[in-house]
2 protein chains.
Amino acid sequence: MSRPTKQSPERGNARTRLLEAARDIIRVKGYTASTVDDICRAADVTKGAFFHHFGSKDALGVAAAEFWAETTSAFFAGAPYHDPADPLERVLAYIAFRKAIMVGDLAEFTCLVGTMAQEIYVSSVEIRDACGRSIFGHAATLEADIEAARRDRGIVGDWTAESLARHTQAVLQGGFVLAKAGNDPELARESLDHLDRYLRHLFHVTEDDRT
Amino acid sequence: MSRPTKQSPERGNARTRLLEAARDIIRVKGYTASTVDDICRAADVTKGAFFHHFGSKDALGVAAAEFWAETTSAFFAGAPYHDPADPLERVLAYIAFRKAIMVGDLAEFTCLVGTMAQEIYVSSVEIRDACGRSIFGHAATLEADIEAARRDRGIVGDWTAESLARHTQAVLQGGFVLAKAGNDPELARESLDHLDRYLRHLFHVTEDDRT
DNA sequence: CTAAACATACCATTCAGTCGGTATGTGTCA
DNA sequence: TGACACATACCGACTGAATGGTATGTTTAG
């Protein structure tokens, strides 16, 4: 699959480089403002190669969303927040982890598929659905722990693990929007603190074990 | 200021029509994908008139964000959620009101400035700041009631009225993102239910007075 | 030898922005 | 009162610079 030619010696094949470049550029400029030439330049790939791998710019958009889903799910699957034995601890550790990785530039930790979805949810159903699968697929990975925590602690309330899992993603996405609008990453972390507090209230936790 | 000539008889001046058209189109297609010609066509205004009123497309973007801030603040200022005598009731009524106005098509109740901010926060500092002013200006209108409620009920906690007000906006914005990604307005309402529950927990309210 | 993986030049279209014009209202001075 | 200057609002054909996409040729692996 890979072809380390003279002009792209070692660093992956063109397709992957294009997907990585698309991810980085779209997170900064948005989908529409990111041109095919922009992405080719950043990936150090010619236009011919671009259209060899992707039938259209929109096809790249779908592939970028799927690539995002794959890479992030691998990243989160290997993250340390799964370690605690108690499911509620794992859920709270997830929030803490999301907060902890919000470092550096805004474009480095904001969500590609959230950004794309806002922009093209009418223009391209294919891209929108790919973004939706990524977001809700990730939300689904939280459901089991939330449901287990609920059972463990005998919590009753008019909410489901599914909806609470989605709500965590909404808070994250909303935090990103505020952080961008205010040009301050702290705004995203701030909302995660409220989310953490909400969960502790829901599960009747009052002590705080982490920073 | 208005000039009811023969070609634009009665329905407002060109500038306002352009701002309204920009609002409607950008909410559907995003800022970059909305062309000047698109907006002119929708406003039934020529390109000459467009560039007579706005120096550039970006200038329209800034004006659209400011127009949004003005019209929405007037709308919310006149909304019935201010009626209750108790400040906490007013805050909860605000959430209920936001949920109640989420009807019809997604593009009809989602937030223009949230959408724009995600897209152009790097590309245009002017538009970004205008979006920020709109969002945080609106958040600020909630602070007084939140602070009063906190004082009234003697609530102590490691959060401020300011940050909680911002959090309500984050949940709203995040709800919009999920609703777009999942193409289902209910996803936005769902997160508002969690926000409502969070507030009731924070302020130690258990009864439910509304639907 | 074949097919995939590129590269390069090119094309049709679209885009933001321009420019020379017209129509209409307004202030002013004889 | 009327003539003239001037400003604002608007018109729409045009332009140069992208932009997405294509056509055709070349390199490399198996």
Side-chain angles (χ1 to χ4, degrees), chain A residues 1-22 25-26 28-64 67 116 119-120 123-124 126-127, chain B residues 1-22 25-26 28-65 67 116 119-120 123-127:
Chain A
M1 265 256 178
S2 71
R3 194 191 64 142
T5 61
K6 55 177 179 284
Q7 55 270 6
S8 58
E10 291 295 316
R11 50 199 190 78
N13 56 11
R15 188 187 145 87
T16 304
R17 294 211 312 279
L18 282 168
L19 289 170
E20 289 168 347
I25 295 184
I26 295 172
V28 171
K29 305 173 67 168
Y31 176 76
T32 313
S34 300
T35 71
V36 173
D37 285 321
D38 278 343
I39 295 165
C40 288
R41 207 174 307 124
D44 197 23
V45 154
T46 61
K47 220 164 180 180
F50 181 100
F51 284 101
H52 171 72
H53 288 288
F54 305 101
S56 65
K57 191 193 172 188
D58 274 18
L60 167 80
V62 173
F67 181 69
M116 279 208 291
E119 206 182 331
I120 49 69
S123 316
S124 167
E126 291 78 24
I127 299 180
Chain B
M1 266 253 179
S2 70
R3 195 189 63 141
T5 60
K6 57 176 175 284
Q7 56 268 7
S8 59
E10 292 296 315
R11 51 199 188 77
N13 56 11
R15 188 186 144 87
T16 304
R17 292 211 315 277
L18 283 168
L19 289 170
E20 288 167 350
I25 295 184
I26 294 173
V28 171
K29 305 174 69 167
Y31 176 77
T32 313
S34 300
T35 71
V36 172
D37 285 320
D38 279 342
I39 295 165
C40 288
R41 207 174 308 124
D44 196 23
V45 154
T46 61
K47 221 165 182 180
F50 181 100
F51 284 100
H52 170 73
H53 288 288
F54 306 102
S56 65
K57 191 193 173 188
D58 273 19
L60 168 81
V62 173
F67 181 70
M116 279 208 289
E119 205 181 332
I120 49 70
S123 316
S124 167
V125 186
E126 290 78 25
I127 299 179

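Per chain, numbering begins at 1; letters A, B, ... match sequence-line order.
Atom CD1 in Ile25(B) sits about 15 Å away from atom C1' in dC15(C), given to the nearest Å. One atom, CZ of Phe54(B), and another, P of dT18(C), lie 16 Å apart when rounded to the nearest Å. With rounding to whole Å, His52(B) atom NE2 is found 17 Å from dA23(C) atom P. dC15(C) atom P lies 16 Å from atom CG of Asp58(B), rounded to whole Å. Whole-Å rounding puts the Leu60(A) CG to dT19(D) C1' distance at 15 Å. Summarising the geometry, the separation between CZ on Phe50(A) and P on dT19(D) is reported as 13 Å, rounded to the nearest angstrom. We find that CG of Asp37(B) is positioned 14 Å from C1' of dC11(D), with the value rounded to whole Å. Put simply, NZ on Lys57(B) is 18 Å from C1' on dT18(C), counting in whole angstrom units.
Within 4.0 Å (heavy atoms only), Thr46(A) reaches at least one base atom of the nucleic acid. Across all strands, Lys47(B) comes closer than 4.0 Å to base atoms (heavy-atom distances).
The side chain of Phe51(B) has dA16(C) as its nearest neighbour among dA16(C), dT19(D), dA4(C). Closest to the side chain of Val36(B), from the set dC6(C), dA16(C), dT19(D), is dA16(C). With distances taken from any side-chain atom of Thr35(B) to the nucleotides dC6(C), dG21(D), dA16(C), the minimum falls on dA16(C).
Nearer to the 5' terminus of DNA chain D, by closest-nucleotide assignment, is the contact made by Arg15(B) (compared with the other of Arg15(B) and Gly48(A)).
A distance-only check finds no donor-acceptor pair linking the side chain of Asp58(A) to the backbone of Gly61(A) [under 3.5 Å]. At least one donor-acceptor pair under 3.5 Å links the side chain of Glu119(B) to the backbone N or O of Thr32(B).
Between Asp38(B) and Lys29(B) the shortest side-chain heavy-atom distance falls below 4.5 Å.
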